[in-house]
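Encoded as structure tokens, the structure appears first; notes follow it.
Every value quoted in this text rests on a predicted model; they were computed, and no experiment measured them. Here is the naming used below: chain letters follow the sequence lines, and residue numbers restart at 1 for every chain.
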Amino acid sequence: MNADLSNDLLAWYDRHARTLPWRVPPGSGAKPDPYRVWLSEVMLQQTTVAAVKGYFERFTARWPTVEALAAAEDADVMAEWAGLGYYARARNLLACARAVAACGGFPRTEAELRTLPGIGAYTAASVASIAFGQRAVVVDGNVERVMTRVFDIATPLPAARNEIRAYADSLTPSERPGDHAQAVMDLGATICTPRSPACVVCPWREPCLARKRGVQKDRPVKPPKREVPQRRGVVYVGRREDGAWLLETRGADRMLGGMLGWPGSAWDRGEEEAPPPVAGPWTALNTEARHGFSHFALGLRVMVARLPLDTQAGQASFVPADRFSPDMIPTVMRRVLAVALTSPLIADAEPTVQA
DNA sequence: AATTCGGGGCG
DNA sequence: CGCCCAGAATT
């Protein structure tokens, strides 16, 4: 490994490490809690630190240990995860917590961690190094950006993955591997940023090849992107005379699986039309609810109805008004609600919701 | 190797 | 509005 580069980075980290709820400050001597490290790493998968902070605080306050989380109700965990996205993570989180609790604790090696649900190459390496001090090669988006710049790797992603891993391996020390991993990520998050890297204050400004050649903003090289397809669908926002909302728990094999949502067409499978979930005076609203996903854009026609007290919920179920909160449902469903609330049929003394 | 998974923040 | 984020699972 390259000792000079590694030492310079660790010295920088000792002075400039970010203070984060799941992190033990460098030099404090305290040992990180594997549960908190694992939970934070899962939440941080493709998710920004700013977005995770609040969720992490709420989760650890409500479930302080992996045993507590393992004993939680599925619906409670899904509701607490609502809004964070990538809901398969929440389902895998529970499965993992229960497997770990059954074993009496987290495994300490990268290979064993890798077998647990929701733990892939990155998370296994980061937990092994940060929580257990094992030397492991941690590669995330930050590491990819930093490596392609320091070593000026011009191969486009994802073909450059092996090359990146080899360089990351060459820099990973046997001492303080966890701090090293967090240091590269802090560097990527605060200095070696995607748009305008602050090379002037970078601990690696001297050895950085991309900076020397003036191409740091062009690293990493990304593959050309394709256009996002447009999809349409219909949703039914029904409200009983007593204020209860007609909602359904989405199947685990669908998008937003396990989450609460409005009944409607299977827009995640390209289905644009669907009959109402229950018979009623359904009327269409003029405004459609729009939402952008990573790989397609969605427009939903919103149907609303005020339903009689004796309405049978069928496949769906009625959630009483005092037990419903927009925080319980994914963002796209919140957006639908915001549109639905423009109708007096539904709004009726309800507080306004922002999408 | 390519696709499918959310959602927010920032230029 | 485009880009990217402490990626994983599936095909």
Classify the nucleic acid contact of Thr48(A) as base, sugar-phosphate or nothing, counting any heavy atom under 4.0 Å across all strands shown. base
On DNA chain C, check which nucleotide each of Leu44(A) and Arg195(A) is closest to and give me the residue with the more 5' one. Arg195(A)
Comparing Arg145(A) and Gln45(A) on DNA chain C - which has the more 5′ nearest nucleotide: Arg145(A)
Nucleic acid contacts - residues 13-30 of chain A versus DNA chain B, non-hydrogen atoms under 4.0 Å: none
Angle class for the Phe296(A)/Phe293(A) ring planes (parallel below 30°, perpendicular above 60°, tilted otherwise)? tilted
Answer with base, sugar-phosphate or nothing: what part of the nucleic acid does Met255(A) contact at a heavy-atom distance below 4.0 Å? sugar-phosphate
On a whole-Å scale, what distance lies between the C1' atoms belonging to dG11(B) and dA6(C)? 22 Å
With sugar-phosphate meaning primed atoms plus P, OP1 and OP2, does Gly83(A) contact a base, only sugar-phosphate, or nothing at under 4.0 Å between heavy atoms? sugar-phosphate
Cut-off 3.5 Å, side chains only: do Tyr122(A) and Gln45(A) have a donor facing an acceptor? no
Boundaries of the DNA chain B segment in contact with chain A, non-hydrogen, under 4.0 Å: dT4(B) to dG8(B)
If I take atom CG from residue Leu187(A) and atom CH2 from residue Trp12(A), how far apart are they, to the nearest 0.5 angstrom? 5.0 Å
Base, sugar-phosphate alone, or nothing: which one does Ala121(A) contact when heavy atoms must sit under 4.0 Å apart? sugar-phosphate
Please work out which of the three classes, parallel, tilted or perpendicular, describes the rings of Trp38(A) and Phe106(A), given edges at 30° and 60°. tilted
Qualifying ring-ring contact (aromatic ring centres under 6.0 Å, His included) pairs, either residue in residues 179-217 of chain A, two or more places apart: none
Have a look at Ser196(A) and say if it touches a base, only the backbone sugar-phosphate, or nothing, with a 4.0 Å heavy-atom cut-off. nothing
Give the ring-plane orientation class for Trp22(A) versus Phe56(A), where under 30° counts as parallel, over 60° as perpendicular and anything between as tilted. perpendicular
Counting the atoms with a prime plus P, OP1 and OP2 as sugar-phosphate, which does Leu84(A) contact under 4.0 Å by heavy atoms, base, sugar-phosphate, or nothing? base
Do the ring planes of Phe59(A) and Trp81(A) sit parallel (below 30°), tilted (30 to 60°) or perpendicular (above 60°)? perpendicular
Would you mind classifying the nucleic acid contact of Phe293(A) as base, sugar-phosphate or nothing, using non-hydrogen atoms under 4.0 angstrom? sugar-phosphate
Looking only at side-chain N and O atoms, does Arg145(A) offer a donor or acceptor that is under 3.5 Å from a partner on Asn142(A)? yes
Let me know, please, whether Arg89(A) or Pro158(A) comes out on the 5' side of the other along DNA chain B by nearest nucleotide. Pro158(A)
Just wondering, do Glu144(A) and Arg161(A) contact through their side chains at under 4.5 Å, heavy atoms? yes
